[in-house]
Amino acid sequence: MERARTLYDRAVFGGDAGALVSVERLLDAMEADLALARGKVLHARFVDRRGEESPDVAALTGAEEMALFERAVELYHGLGDERGEAEALFWVGACHQVVLDDLEAAVVWFERSRALAAEAGDALTMSYALRHLGFVEHMAGHLEVARERLEESTRLRREAGFLPGVAANLVGLAYVAAGQERGQDALALLDEATAIAEAAGAEAILRQIEEARTRL
């Protein structure tokens, strides 16, 4: 905001009309980051309360999230920020998948996110898109494809040092292994996930692991 004020003063008092272009781009970048962050907070709250809210509330939450994420996509695209756009595209897909339960629409956005993240060299966003594409394949019963998506996501997360994300993916891979009747592999994956989650202090993932042990 201080930079925006400085640029404004340069334009109004210093006669630098070009400063207006700079301040507009700066404000667009700030708005994009804020829209993305607000949308993610709404999404996290929805996940935390999932099953407790009525379909009408879920639809309203989805509409609020979607407006924020789509605005972020628009702004990042206008700025030529491929990394930001790829991340925002992923979150549009996540809203379709998790909140609106529209898997067909979600896949389109995840694929767009993955492709743009690859162009931008954004391995972390690629890992998110691949993870959720893996979930879609798992739900469709395509277990081997789901395994491939999750394993590639996990590889990217290991390389990025995103340990909580690695642990979360290993839980997903354990479910896939169980579905393929690879029981020992499933247990080994959960053991590895436990060790990583404990080291990373990822309490939420540890709860997921315990639930998986109970269910599997």
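Note that the structure is predicted; figures quoted are calculated from it, not measured. In this chain, residues are counted from 1 in sequence order.
Side-chain heavy atoms closer than 4.5 Å link hydrophobic residues (I, L, V, M, F, W, Y) into clusters, and following such links, even through other members, never connects Leu150 to Tyr128. A continuous path of Ile, Leu, Val, Met, Phe, Trp and Tyr side chains, each step under 4.5 Å between heavy atoms, connects Val136 with Val47, placing both in one hydrophobic cluster. In the hydrophobic cluster analysis, where Ile, Leu, Val, Met, Phe, Trp and Tyr join through side-chain heavy atoms closer than 4.5 angstrom, Met126 is grouped apart from Leu133. Note on Val166: it does not cluster hydrophobically with Ile205, by side-chain heavy-atom contacts below 4.5 Å among ILVMFWY residues. A single hydrophobic cluster is seen to contain both Leu143 and Leu173, as judged by linkage of ILVMFWY side chains at heavy-atom distances under 4.5 Å, directly or through other members.
Atom CD of Glu82 and atom CD of Glu85 lie 7.5 Å apart (nearest 0.5 Å). Atom CG of Leu68 is separated from atom CG of Leu42 by 6.0 Å, given to the nearest 0.5 angstrom. Note that CZ of Arg83 is 10.5 Å distant from CD of Glu87, once rounded to the nearest 0.5 Å. Taking CD of Glu198 as the reference point, atom CG of Leu163 lies at 13.0 Å (rounded to 0.5 Å). Rounded to the nearest 0.5 Å, atoms CD (Glu151) and CG (Asn169) are 10.5 Å apart. Taking CD of Glu111 as the reference point, atom CG of Leu130 lies at 8.0 Å (rounded to 0.5 Å).
Taking all atoms of both residues into account, the shortest heavy-atom contact from Met66 to Cys95 is CE-SG, 3.7 Å. Closest non-hydrogen pair, Ala4 versus Val23, comes out as O-CG2, 3.5 Å. Between Ala174 and Ala186, the shortest heavy-atom contact is O-CB, 3.5 Å. Smallest separation of non-hydrogen atoms from Ala117 and Ala86: N-CB, 3.6 Å. Scanning all heavy atoms of the two residues, the minimum distance from Val176 to Ala146 falls at CG2-CB, 4.3 Å.
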Run the side chain to side chain contact (heavy atoms under 4.5 Å, CB included) test on Leu36 and Leu34 for me, step by step, so that the C-alpha distance in whole Å, both residues' side-chain angles and the decisive distance to 0.1 Å come before the verdict. CA-CA 5 Å; Leu36 184 61; Leu34 183 58; over 6 Å; no
Using the rule given for ring-ring contact (aromatic ring centres under 6.0 Å, His included), can you reason through Phe135 versus His132, listing the C-alpha separation, both sets of side-chain angles and the distance that settles it, and then say yes or no? CA-CA 5 Å; Phe135 289 161; His132 283 254; 5.3 Å; yes
Could you please spell out the steps behind the side chain to side chain donor-acceptor pair (under 3.5 Å) verdict for Asp33 and Tyr76? CA-CA 9 Å; Asp33 289 347; Tyr76 285 129; 2.5 Å; yes
Apply salt bridge (Lys or Arg N to Asp or Glu O under 4.0 Å) to the pair Arg207 and Glu211, showing each step before the final yes or no. CA-CA 6 Å; Arg207 289 193 292 271; Glu211 179 183 353; over 6 Å; no
Before giving the answer on side chain to side chain contact (heavy atoms under 4.5 Å, CB included), spell out for Trp109 and Gln97 the whole-Å C-alpha distance, their side-chain angles and the decisive distance to 0.1 Å. CA-CA 10 Å; Trp109 292 94; Gln97 182 185 38; over 6 Å; no
Dump the intermediate steps for side chain to side chain donor-acceptor pair (under 3.5 Å) on Thr154 and Arg131, then the final yes or no. CA-CA 8 Å; Thr154 303; Arg131 169 181 166 85; over 6 Å; no
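Residues Val107 and His96 form no side-chain contact, since every pair of their non-hydrogen atoms from C-beta on lies 4.5 Å or further apart. For the pair Arg147/Glu137, no side-chain contact is recorded, criterion being any heavy-atom separation below 4.5 Å from C-beta on. Between Val98 and His43 the shortest side-chain heavy-atom distance falls below 4.5 Å. Under the 4.5 Å side-chain criterion, counting only non-hydrogen atoms from C-beta, Glu210 is not in contact with Leu206. In this structure the side chain of Leu190 never reaches within 4.5 angstrom of the side chain of Leu170, judged on heavy atoms. Between Asp122 and Leu124, the closest side-chain pair of non-hydrogen atoms falls below 4.5 Å. Contact of the Met1 side chain with the Met30 side chain is registered, since non-hydrogen atoms from C-beta on lie closer than 4.5 Å. In this structure, Thr194 and Arg213 have side chains that are in contact, with non-hydrogen atoms separated by less than 4.5 Å.
Around CD of Glu144, the count of heavy atoms belonging to other residues, nucleotides or ligands within 6.0 Å exceeds 12. Asp16 CG: more than 12 foreign heavy atoms inside a 6.0 Å radius. Residue-environment remark: CZ (Arg38) stays at or below the threshold of 12 foreign heavy atoms within 6.0 Å.
Of the possible polar contacts, one joining the Arg25 side chain to the Leu79 backbone as a donor-acceptor pair under 3.5 Å is found. For the pair Thr6 (side chain) and Glu2 (backbone), a donor-acceptor distance under 3.5 Å is present. Although no hydrogens or angles enter the test, the distance criterion places no donor-acceptor pair under 3.5 Å between the side chain of Arg114 and the main chain of Thr125. With hydrogens and angles ignored, the 3.5 Å screen pairs no side-chain donor or acceptor of Ser127 with any backbone N or O of Ser153. Judged by distance alone, with hydrogens and angles left aside, the side-chain atoms of Arg157 form a donor-acceptor pair with the main-chain N or O of Gly165 at under 3.5 Å.
In this structure, Glu119 has no salt bridge (charged side-chain N to carboxylate O under 4.0 Å, His left out) partners at least two apart in sequence or on a different chain. In this structure Asp185 satisfies the salt bridge (charged side-chain N to carboxylate O under 4.0 Å, His left out) test together with Arg182, sequence neighbours excluded.
The residue from Leu189, Asp191, Val171 that alone fulfils the side-chain contact (heavy atoms from CB on, under 4.5 Å) condition with Ile209 is Val171.
Phe90 does not carry Arg112 over the face of its six-membered ring by the limits of under 6.0 Å from the centre and within 45° of the normal.
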